[in-house]
Amino acid sequence: DAKTTQPTSMDCAEGRAANLPCNHSTISGNEYVYWYRQIHSQGPQYIIHGLKNNETNEMASLIITEDRKSSTLILPHATLRDTAVYYCLFGVNRDDKIIFGKGTRLHILP
Amino acid sequence: DVKVTQSSRYLVKRTGEKVFLECVQDMDHENMFWYRQDPGLGLRLIYFSYDVKMKEKGDIPEGYSVSREKKERFSLILESASTNQTSMYLCASSFPASGHPYQETQYFGPGTRLLVL
């Protein structure tokens, strides 16, 4: 079973910020939170990852709560090309199998 | 840029055939993975390998085997294909980031859509 909980789907208007939540209450202290996305008919694509501090790169921002039990991926100005399934995951210890879960299907509305 | 390639985008095989899915990465990554993806089930890990000739079972290894003879190549083998193995197969590779042995960003190939008749 997936160790994270994400909404099944979300809608966001084009040009607005898309905020995708993820619960990962069983995460341990040395495990990073990763976000990937999968555009239709393509392999998943890495977006961003973080441990404790908020992170930002050219694709997105990642906000991690102080207790690390949840995080939010922010796409600041969503475009139609951001329509995809977004996966939140953790557990990259070699002895711990990585589980992607079902992700959130994000629809960007024109 | 990291490049992960898979031998075929689409493949049609018959029940009982032996099927080889090949994956090659060009970034000298230690870790390689095979997943399958089915509607409503997300990505499920079949096998992964953290070094040449090393392999570990994922969540759904039954009916599959793997081979890693060279660092850049990881093969998934369906010994006797069955219709329930019709799926999208995704290969990925990763390299532990310096200073963070358990931090691994995975890079995925484009996928192979396999149909078993």
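Atoms considered below: every heavy atom in the structure, side chains included; atoms not considered: hydrogens, waters and symmetry mates. Below, chains carry the letters A, B, ... as their sequence lines are ordered, and counting in each starts from 1.
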### Message
Could you measure the distance from the NZ atom of K102(A) to the CG atom of L43(B)? Nearest 0.5 Å is fine.
### Response
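Taking NZ in K102(A) and CG in L43(B), the distance rounds to 12.5 Å.
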### Query
So how far is it from Q42(A) CD to F108(B) CZ, rounded to the nearest 0.5 Å?
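With rounding to 0.5 Å, CD (Q42(A)) is 13.0 Å from CZ (F108(B)).
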### Task
Locate the shortest heavy-atom distance separating Y36(A) from Q106(B); write the atom from each residue and the value.
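The pair with the smallest heavy-atom distance is OH-N, 2.6 Å.
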### Partners meeting side-chain hydrogen bond (donor to acceptor under 3.5 Å, both in side chains) with N53(A) (sequence neighbours left out)
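Partners of N53(A) by the side-chain hydrogen bond (donor to acceptor under 3.5 Å, both in side chains) criterion come out as none, since no residue qualifies.
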### Query
Side-chain heavy atoms under 4.5 angstrom apart, residues restricted to Ile, Leu, Val, Met, Phe, Trp, Tyr: same cluster for V66(B) and L45(B)?
no
### Task
Decide whether M88(B) and F33(B) are clustered together by the hydrophobic rule: side chain heavy atoms of Ile, Leu, Val, Met, Phe, Trp, Tyr closer than 4.5 Å, transitively.
yes
### Query
Got more than 12 heavy atoms from elsewhere within 6.0 Å of CZ, R105(A)?
no
Portion of [X] that has a non-hydrogen atom of chain A nearer than 4.5 angstrom:
X      : answer
L90(B) : side chain
Q6(B)  : neither
R44(B) : neither

### Task
Mind checking salt bridge (Lys or Arg N to Asp or Glu O under 4.0 Å) for K71(B) and listing every partner two or more places apart, or none if nothing turns up?
D28(B)
